[in-house]
Amino acid sequence: MKQLNNDNAANRTSYVGKVYNIGEKRFKEEVLDSLPVEWSNLHRNGTIHIHDLDAYGLTYNCLTLDVASDFPLNKVRGFTDEDTIIRLFSFIKELFTNLGNEQSGGMAFANFDNEIAAILKKLNIDYTNYKSLISNMITDLIIWCNNTHTRMGQTSYYVTLNIGLAENECARFIAKTLIANFEKLGDMVYKPNIVFKVKKGINFDKTDKNHDLLIDALGCTSKKMIPTYLLCDCKADSSVDPNKLSIMGCRTRVVDDVHGLEGAVGRGNVANISINLPRLALEADVEAKSHDVDKRIDLLQNKWDIVAKATKDSLIDRYQKTINIQAEEFPTNSSYHLWCNGFKNGVEESLKHGTLSIGFIGLSEAIEVLTGKKYYSDMDNYIITLGIVKRMRDYCDFLRNQYEMNFSLLATSGELISGRFIEFDKKLFDPEVDIFSKGYYTNSFHIDVDSGLPGYKKINLEGLFHELCNGGCITYVELGEAPIGNESGLYEYLDIAINSGVHYLGFNFPKDICNECGCSGVFDKCTNCGSSSITRIRRVSGYLEILDGFTDGKKAEEKNRRKN
């Protein structure tokens with residue numbers, strides 16, 4: 001399928017997709033027209049971005065599937081062991097397909113290795129007799145996730161498989177096979193998203209039972225950028241049962257719950273809205289041009305308070321509309337109880353455990369507008385920046401207590417909005433510092449992609465933001481090339497990240513593949529056969545994708561990336 005250059009790098013062209021895109025754009029306008037003018041204007045003028053507008057009031061965002069507690073064994077039982085194994089993995093693909101068209105975002109297994117092992121045990125299947133078949137089924141699942149673009153007729157399914165905490169030999173086999181087969185399938189296989197959960201006493205230290213799995217994971221990462229790493233011993237997660245932690249999609253974090261549940265299993269994000277921080281900084285700069293930095297920062301924060309209030313109102317409105325939908329309109333969830341409580345007592349009894357996230361983008365540019373310097377240029381600016389994010393988190397905590405709803409602060413990944421916001425702002429403002437010419441805003445709290453800071457320094461500086469952004473975040477270390485053979489260097493970064501408070505860590509490097517001979521590396525022309533037919537794999541908003549399909553903003557960012 002031909003890749004599209006549009007709002008989503010995961011899209012591929014098809015007749016159904018083209019028709020869907022036409023209808024989606026019109027429906028989004030109808031949704032905006034139906035909302036209070038204040039909210040729709042904030043979205044239309046680029047002050048905020050209401051994510052997944054086409055799903056407003058119709059469905060939730062993402063989910064970590066609760067598969068182990070109530071798995072429908074009757075769907076696969078009653079056949080030969082071989083047929084049962086085949087049907088098990090076919091059913092998983094069926095779940096992803098149906099659920100992917102029942103929600104707007106990503107879906108995850110919290111412990112793919114342990115969960116599959118537990119299901120096999122319940123089915124009375126001795127995995128040692130069927131290692132080859134199970135390995136083939138895992139390979140088939142990987143290829144399905146990578147190649148299938150049938151969601152809305154054009155999009156791949158946002159699947160994340162968390163592994164690493166294997167409790168028995170079967171689970172270890174599942175994890176080891178997933179990593180090995182993903183690696184062996186080559187550079188053009190870059191999905192699903194695999195997250196390795198790092199935990200001392202289980203896999204981090206050399207004496208830990210699953211340390212070999214971590215080494216395997218790092219070896220695969222050194223070649224393919226996957227897995228990424230959920231650091232269960234970081235400050236924010238260290239008190240949580242690691243089995244209950246999960247990454248959904250590119251970075252979503254669901255842990256605390258005002259209604260009593262802990263962790264991500266059977267829970268997800270209901271909705272999120274992102275605020276354009278550079279817009280607010282640009283307005284503050286114009287209005288307080290003659291004032292000192294403190295005054296401009298205060299004005300930025302006051303403006304954020306006003307926009308955040310409208311954002312909160314919209315999130316609550318969307319939540320109320322969604323919980324009023326009948327459970328029958330979520331047939332996959334209702335049939336297999338994938339959300340906690342399984343919708344059996346109504347949609348609200350499940351979705352009340354989900355999160356409502358207020359996100360942000362462009363923190364780096366906002367601080368540069370108001371202070372004239374990068375936020376990481378000196379300690380004074382860094383402290384100012386932490387204070388701004390702390391205030392945003394405090395407001396989310398206030399909403400959480402006032403409304404008894406799971407409001408959280410999300411460090412947004414901006415595939416679309418990194419370019420969308422800047423197109424609005426450069427027509428309205430002419431700041432003294434140039435934040436426009438590069439063509440994108442920096443994701444969330446990230447240090448600029450061309451900072452040139454060493455990796456350990458970037459990790460140290462971003463770590464404190466992870467403790468504040470409880471709705472999800474990630475830190476990336478940008479490498480100049482694939483660190484093949486340097487797994488020990490990646491391991492050192494994991495250690496630094498844990499001690500710095502980083503919750504979720506990934507490694508980026510350019511990956512170019514020759515379409516003629518399959519050679520990979522970093523090149524404009526293939527160094528092996530000289531071909532100019534090159535596929536370029538890069539990370540965009542958490543997932544790996546083909547560079548040609550990136551939005552203009554993300555293409556500009558990728559071009560500007562420099563190694564740490």
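Along the sequence shown, residues are numbered consecutively beginning with 1.
- A donor-acceptor contact shorter than 3.5 Å links the side chain of Asn276 to the backbone of Arg279.
- Judged by distance alone, the side chains of Ser357 and Asn272 never bring a donor and an acceptor atom under 3.5 Å apart.
- For Asp524, the CG atom counts as loosely surrounded, since its 6.0 Å shell holds 12 or fewer non-hydrogen atoms of other residues, nucleotides or ligands.
- Using a 4.0 Å cut-off between a side-chain N of Lys or Arg and a carboxylate O of Asp or Glu, Asp305 and Lys309 do not qualify as a salt bridge.
- The existence of a salt bridge linking Glu29 and Lys25 is excluded, since no basic side-chain nitrogen approaches an acidic carboxylate oxygen closer than 4.0 Å.
- The ring-ring contact (aromatic ring centres under 6.0 Å, His included) pairs that include a residue from residues 14-45 are His43-His49, where partners are two or more places apart or lie in different chains.
- Put simply, the side chain of Asp448 never gets that close to the backbone of Asp450: no donor and acceptor are under 3.5 Å apart.
- Residues Lys511 and Asp187 are paired through a salt bridge, judged by an N-O separation under 4.0 Å between the basic side chain and the carboxylate.
- Under the side-chain contact (heavy atoms from CB on, under 4.5 Å) criterion, Arg26 pairs with Ile22, sequence neighbours left out.
- Using a distance-only test at 3.5 Å, with no hydrogens or angles considered, a donor-acceptor pair links the side chain of Asp434 to the main chain of Ser437.
- Judged by distance alone, with hydrogens and angles left aside, the side-chain atoms of Ser14 form a donor-acceptor pair with the main-chain N or O of Gly17 at under 3.5 Å.
- The distance from atom OH of Tyr319 to atom CG of Asn406, rounded to the nearest 0.5 Å, is 8.5 Å.
- Atoms CG and OG1, on Leu230 and Thr160 in that order, are 11.0 Å from each other to the nearest 0.5 Å.
- The ring-ring contact (aromatic ring centres under 6.0 Å, His included) contacts involving residues 508-544 comprise Tyr158-Tyr543, where partners must be two or more places apart or lie in separate chains.
- Distance check, rounded to the nearest 0.5 Å: NZ of Lys426 to CG of Leu282 gives 13.5 Å.
- For the salt bridge (Lys or Arg N to Asp or Glu O under 4.0 Å) criterion with Glu368, the lone passing option out of Arg296, Lys374, Lys373 is Lys374.
- Taking Phe330 as the reference, Phe343 meet the ring pair (Phe, Tyr, Trp, His ring centres under 6.0 Å) condition, with sequence neighbours excluded.
- In this structure, CG on Leu399 lies 5.5 Å from CD1 on Ile358, to the nearest 0.5 angstrom.
- The CD1 atom of Ile50 lies 8.0 Å from the OG1 atom of Thr311; values are rounded to the nearest 0.5 Å.
- Other residues, nucleotides and ligands place no more than 12 heavy atoms under 6.0 Å from the NZ atom of Lys390.
- When all heavy atoms of Asn162 and Ser246 are compared, the pair lying nearest together is ND2-OG, 3.2 Å.
- For NZ of Lys321, the number of neighbouring non-hydrogen atoms (other residues, nucleotides, ligands) closer than 6.0 Å is greater than 12.
- Ion pairing of Lys438 with Glu365 is present here, as a side-chain N (NZ or NE/NH1/NH2) and a carboxylate O approach within less than 4.0 Å.
- Looking at heavy atoms from C-beta onward, Ile273 lies in side-chain contact with Ser314 at the 4.5 angstrom threshold.
- Partners of Tyr395 under the ring pair (Phe, Tyr, Trp, His ring centres under 6.0 Å) rule, at least two apart in sequence or in another chain, are Trp304.
- Classified by interplanar angle (parallel below 30°, tilted 30° to 60°, perpendicular above 60°), the ring pair Tyr60/Trp339 is perpendicular.
- Between Phe507 and Tyr493, the ring planes are tilted. Angles from 30° to 60° get that label.
- Within the 3.5 Å criterion, the main-chain N or O of Gly501 finds no donor-acceptor partner in the side chain of His503.
- The closest donor-acceptor contact from the side chain of Arg562 to the backbone of Asn560 lies under 3.5 Å.
- Each side-chain hydrogen bond (donor to acceptor under 3.5 Å, both in side chains) pair with one or both residues in residues 473-484, not counting sequence neighbours, appears once here: Glu462-Thr475, His466-Thr475, Glu478-Asn508.
- Environment of NZ in Lys457: sparse, with no more than 12 heavy atoms of neighbouring residues, nucleotides or ligands closer than 6.0 Å.
- At most 12 non-hydrogen atoms from other residues, nucleotides or ligands lie less than 6.0 angstrom from NZ of Lys563.
- Judged purely by atom type and a 3.5 angstrom limit, Tyr229 has no side-chain atom pairing as donor or acceptor with the backbone of Leu494.
- Not less than 6.0 angstrom separates the ring centroid of Phe550 from the ring centroid of Tyr440.
- The pair Glu545-Lys191 meets the salt-bridge criterion, since a charged nitrogen lies less than 4.0 angstrom from a carboxylate oxygen.
- The distance from the CD1 atom of Ile194 to the CD atom of Glu183 is 10.5 Å, given to the nearest 0.5 Å.
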